[in-house]
Amino acid sequence: MKIVHAFCPGIKDIIIMFGSRQRPNLKRPTWIIVLVSLVSIFLIAALVYPPRRSVACSLFSSSGCAMIKEQPYVPSRELTDDETAARVVFREILNSPPVQSKTPKIAFMFLTPGPLPFEKLWDKFFQGHEDRFTVYVHSSKQKPVHVSPYFVGKDIRSEKVGWGKISMVDAERRLLANALTDPDNQQFVLLSDSCVPLHNFEYVYHYLMYTNVSFIDCFIDPGPHGTGRYSEHMLPEVEKKDFRKASQWFSMKRQHAIMVTADNLYYRKFRLYCKPNMDGRNCYSDEHYLPTLFNMIDPNGIANWSVTHVDWSEGKWHPKAYRARDITYELLKNITSIDESIHVTSDGKKTVLVTPCLWNGMKKPCFLFGRKFYPETLDKLLHFFSNYTTI
């Protein structure tokens, strides 16, 4: 099995290996001349060929990078009128200064078919931080009876959601639209009914608020479950080379949330041409719409991994689901110490793609939340909560 270390688009790591060799016997004046010449060449090259975007600009707020002008986007073909309009809107959103808030909040958006079995655990997670979060619940089948006061009255108007269908994306956009009505919401986290917190609130708040990227998963899968799902009906707006795959569970900044709710052009392409049994293939829009969209319009603005952990190591159609017997301190400690995001391509090569989790340039644990926990794990998770969330 081939292992590839994946990084953000446009960033290349170059490793230069020097062999051992004898140092030339140069006189001091010669060394000075050589050093001055090299520095001069470097400075001239930097002035003539300025970098398109510095690493610091990608990792921190772009407002501090005003002196570095990005080269204008040059399309490889003539854009349609709709594309031109969409690009202008997206560019204006990205270039607009973030909304300043005295009490910036995280919007926790729960996408569930019915009850939320871990409300008691989330209640413990939220306690003492009432001015720094909001909650939104989209229940597609059955309106839940809430046991935590933090969830009471937080249900939004919901529609039926079909697995693998565009209605899943519709529900995500509906949650984002409702959460955007509060100007204090700066980060937007999508969670399911089987999600649990892996760290305490302070850790999660700092992790999400003090970086300027959205934690949206994104990778290239050349196999049948990746680009094999692409339909040429998406042309010309969505080309095959731009088609990406991801986990649907995200945390995104406010600018990106506005872009998702404002998008009609690319959303329409996925609504029409990425669905089950499309051209004899199954395409699931919740796995492809967001990564493809942001790969096209703001590739440097996403982390390329999700902060929600899910275990696909069993190689089945669905990820591993945790039972009560599986819940131990060691399991939770192991999950919270993972610092690389792993994907395996669906083609014959089964290439393992490894993305280091870099937070503001520093390698850190990837995951803030865990998914696919059965309701029966609640008591054990409550028992361990104070210990594993301090890891």
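In this chain, residues are counted from 1 in sequence order.
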Would you call [X] and [Y] a salt bridge, using N to O less than 4.0 angstrom?
X	Y	result
Arg268	Glu237	no
Glu232	Lys240	no
Arg323	Glu376	yes
Lys105	Asp182	yes

Look only at the side chain of [X] and the backbone of [Y], and say whether a donor-acceptor pair between them is shorter than 3.5 Å.
X	Y	answer
Asp184	Pro104	no
Tyr273	Met278	no
Glu287	Lys245	no
Ser214	Ile216	no
Arg325	Tyr322	no
Arg173	Asp263	yes
Arg271	Ser285	no
Ser167	Asp170	no
Glu330	Ile327	no
Thr292	Arg244	yes

Less than 4.5 Å apart, any side-chain heavy atom of [X] and any of [Y]?
X	Y	result
Asn304	Asp217	no
Phe369	His309	no
Thr80	Pro236	yes

On the 0 to 90° scale, with breaks at 30° and 60°, tag the Tyr267-Tyr289 ring pair as parallel, tilted or perpendicular.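 The arrangement is perpendicular - the two ring planes meet at more than 60°.
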Which class fits the ring pair Phe108 and Phe133: parallel under 30°, tilted 30 to 60°, perpendicular over 60°?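 It falls in the perpendicular class, over 60°.
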[atom2] on [Y] to [atom1] on [X], rounded to 0.5 Å:
X	Y	atom1	atom2	result
Asp286	Ile166	CG	CD1	8.5 Å
Ser247	Leu290	OG	CG	10.5 Å
Ser346	Asp221	OG	CG	3.5 Å
Asn282	Cys274	CG	SG	10.0 Å
Leu208	Leu368	CG	CG	5.5 Å
Phe367	Ser337	CZ	OG	10.5 Å

Establish whether [X] and [Y] are linked, either directly or via other cluster members, by ILVMFWY side-chain heavy-atom contacts under 4.5 Å.
X	Y	value
Tyr374	Val196	no
Leu331	Phe385	yes
Val354	Trp312	no
Val238	Val89	yes
Val152	Met109	no

Please determine which of His138, His146, Lys143 meets the side chain to side chain donor-acceptor pair (under 3.5 Å) test together with Asp155. His146
Which heavy atom in Arg371 sits nearest to a heavy atom in Ser194, and how many Å separate them?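 Looks like CG-OG, 3.4 Å.
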Which atom pair, heavy atoms only, marks the closest approach of Lys253 to Asn212?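 That would be NZ-O, 3.1 Å.
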Can you see whether [X] engages [Y] through a side-chain donor-acceptor pair at a distance of less than 3.5 angstrom?
X	Y	value
Asp347	His225	no
Glu172	Gln248	yes
Asn185	Tyr136	yes
Ser148	Asp123	yes
Ser231	Asp279	yes

Determine whether Tyr207 and Phe215 satisfy the following criterion, ring pair (Phe, Tyr, Trp, His ring centres under 6.0 Å), listing intermediate values before the conclusion. CA-CA 11 Å; Tyr207 198 107; Phe215 294 96; 5.6 Å; yes
Crowded around [X] [atom1]? As in, over 12 foreign heavy atoms under 6.0 Å?
X	atom1	result
Lys320	NZ	yes
Asp81	CG	no
Lys364	NZ	yes

Measure from NZ or CZ of Arg132 to the centre of the six-membered ring of Tyr205 and say whether it is under 6.0 Å with the direction within 45° of the ring axis. yes
Audit row: Trp163, Tyr284, ring pair (Phe, Tyr, Trp, His ring centres under 6.0 Å) steps and yes/no: CA-CA 8 Å; Trp163 183 83; Tyr284 307 118; 5.0 Å; yes
Measure from the ring center of [X] to the ring center of [Y] and say whether it is less than 6.0 Å.
X	Y	value
Phe219	Trp305	no
Trp122	Tyr150	no
Phe151	Phe110	yes

Applying disulfide (SG to SG under 2.5 Å), can you list everything that pairs with Cys366, at least two apart in sequence or on another chain?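 Listed in chain order: Cys357.
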Apply ring pair (Phe, Tyr, Trp, His ring centres under 6.0 Å) to the pair His288 and Phe243, showing each step before the final yes or no. CA-CA 7 Å; His288 299 285; Phe243 198 72; 4.7 Å; yes
